[in-house]
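Whatever order the structure lists ligands and atoms in, that order sets their numbers, starting from 1.
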Amino acid sequence: MNLKITKANLLRSPPTDETKLGFGNTFTNHMLYMEYDEAKGGWGPAEIKPYGILGLEPASACLHYGQIVWEGLKCYRTKMGLRLFRPKENFKRLNRSAVRMCMPEIDVDYLLASLKELLILEEAWVPASLGTSLYIRPCMVANEPFLGLHKARKYILFIILSPSGPYFKEGFKPVKILVEDKYVRASVGGTGEAKTAGNYAASLKSTDEAIQKGFSQTLWLDGKERKYIEEVGAMNMAFVMNGEVITPPLEGSILAGITRKSILEICKHFDLPAAERKITIDEVIEGIKSGSLTEAFGMGTAAIIAPVGSITYKNITYTINNFEVGPVATRLYSELTGIQYGEKEDIFGWIEQVTK
Ligand SMILES: Cc1ncc(COP(=O)(O)O)c(C=O)c1O
């Protein structure tokens, strides 16, 4: 494809010790970069250039009014070459987020083809050890230098890459979560279903307080009644009740996770009972007490499945499945990571090959 590539003069080497890979702290030598200007008819061509300072003006719209949308996906090194998992779903969601934030959409196929070129250039940065990946962060921001409060007319889009270690360094272990009944992350009619910076800013205070109290994540309730389960941290939430996987429906305040969608499709394929329905915190607690609720887990690109070992609500802690990972979470984790790392056949056609 016709893609301008400007190589970095000083090339840094990928980290050699993959056991020390964390998350989001090292970046590859190059990034993908695009500019949008309404006056010039929209998006200009994609370009690969050295990773570096963007040079936004202090008046740049994103710094004041938060027109920022982003995505998160991973490139996996497998026996069959470098692979992406459902990347078009991420780019389609980027477009949906952009529409909600009054930002321009982008051609999904063109963006994917450009990303593949960047990944081929940075191939050496895709780690090989079990559970590692190259994390991909596309981000679009308004950069018109103008303080009037209206949608910007200029944007930039960049994709940066960061080698990342396994999410579960000490193994696939359950976490403790705190039900948040004061702060809210999002509400119906707001921007919860868009992957936009403000939602994450709104979540920081609660997460910070939860971590200080010894919990890993916040379990979010709905913004109106603080009654219905929404998400856990930056993941979608699921419970296993009477053998059925239950996840809250997408009604505007919840991000439409690609892991969530894939898990529902896996359940359907393997005839595992699953439902998208509203579930209250009271129903969850009653279920734990009666034994009908046997598992709880978060679903998202970072962890794939994050089992929940206990839920604390109004100062009372309820332990789930003796703080052990349950069979449904284990099965779903193995089905999904099996496809991603090429250990299981891609029966759903979810894999996008980057190199063979
Ligand atoms: C708020 C929120 N919910 C859910 C998810 C899970 O989405 P996905 O499975 O597409 O990573 C994410 C992760 O991006 C998120 O930020």
Side-chain angles (χ1 to χ4, degrees), residues 23-24 66 68-76 84-98 100-101 108 133-140 159-160 162 164 167 175 177 180 183-188 190-207 210 216-223 228-239 245 247-267 274 276 296-308 329 332-333 335-337 339-340 348 350-352:
F23 174 75
I68 303 175
V69 295
W70 54 275
E71 271 303 324
L73 63 159
K74 290 172 169 176
C75 177
Y76 303 93
L84 295 164
F85 181 74
R86 310 191 83 174
K88 286 191 184 180
E89 292 290 330
N90 289 89
F91 293 149
K92 284 192 223 158
R93 187 171 65 188
L94 185 74
N95 277 341
R96 293 199 302 274
S97 301
R100 177 63 182 85
M101 303 308 290
V108 167
S133 60
L134 186 67
Y135 181 76
I136 303 168
R137 171 58 62 92
C139 184
M140 190 201 299
I159 302 184
I160 53 176
S162 176
S164 63
Y167 190 87
V175 294
I177 59 173
E180 176 59 76
Y183 305 114
V184 292
R185 189 194 85 92
S187 54
V188 176
T191 58
E193 66 184 351
K195 209 159 165 57
T196 187
N199 293 338
Y200 297 85
S203 76
L204 293 177
K205 184 84 178 124
S206 166
T207 313
S216 311
Q217 298 281 1
T218 290
L219 182 66
W220 297 104
L221 299 180
D222 72 283
Y228 298 99
I229 305 290
E230 296 243 303
E231 303 198 61
V232 57
M235 282 182 279
N236 293 114
M237 189 65 206
F239 300 93
V245 176
T247 188
L250 306 175
E251 292 180 342
S253 54
I254 293 179
L255 189 85
I258 294 152
T259 317
R260 174 190 181 281
K261 180 176 182 173
S262 307
I263 282 173
L264 288 172
E265 287 172 47
I266 287 175
C267 288
E276 293 173 82
F297 51 87
M299 307 174 280
T301 298
I304 308 305
I305 298 267
V308 171
L332 294 172
Y333 182 75
E335 292 292 347
L336 204 46
T337 54
I339 294 173
Q340 289 165 336
F348 302 96
W350 287 337
I351 295 301
E352 188 77 45

Open item on the list: If only side-chain N and O atoms count, and only distance matters, is there a donor-acceptor pair under 3.5 Å linking Arg137 with Ser162?
Closed with: no
- [ ] Would you please say whether a donor-acceptor pair under 3.5 Å links the side chains of Ser206 and Glu180?
- [x] yes
Open item on the list: Would you say Ser253 and Glu230 are linked by a side-chain donor-acceptor pair, where the criterion is simply a distance under 3.5 Å?
Closed with: yes
Task: Point-to-point distance, once rounded to the nearest 0.5 Å, from NZ of Lys195 to CD1 of Ile68 - done: 13.5 Å
TODO: With a 4.0 angstrom cut-off on heavy atoms, strictly below it, pick out the residues next to ligand 1 and order them by chain and number.
DONE: Arg93, Arg185, Lys195, Tyr200, Glu231, Ala234, Met235, Asn236, Leu255, Gly257, Ile258, Thr259, Met299, Gly300, Thr301
Task: Ala98 versus Met140, closest heavy-atom pair with distance - done: CB-CE, 4.2 Å
- [ ] If the plane angle is over 60° it's perpendicular, under 30° parallel, otherwise tilted; pick one for Tyr135 and Phe23.
- [x] perpendicular
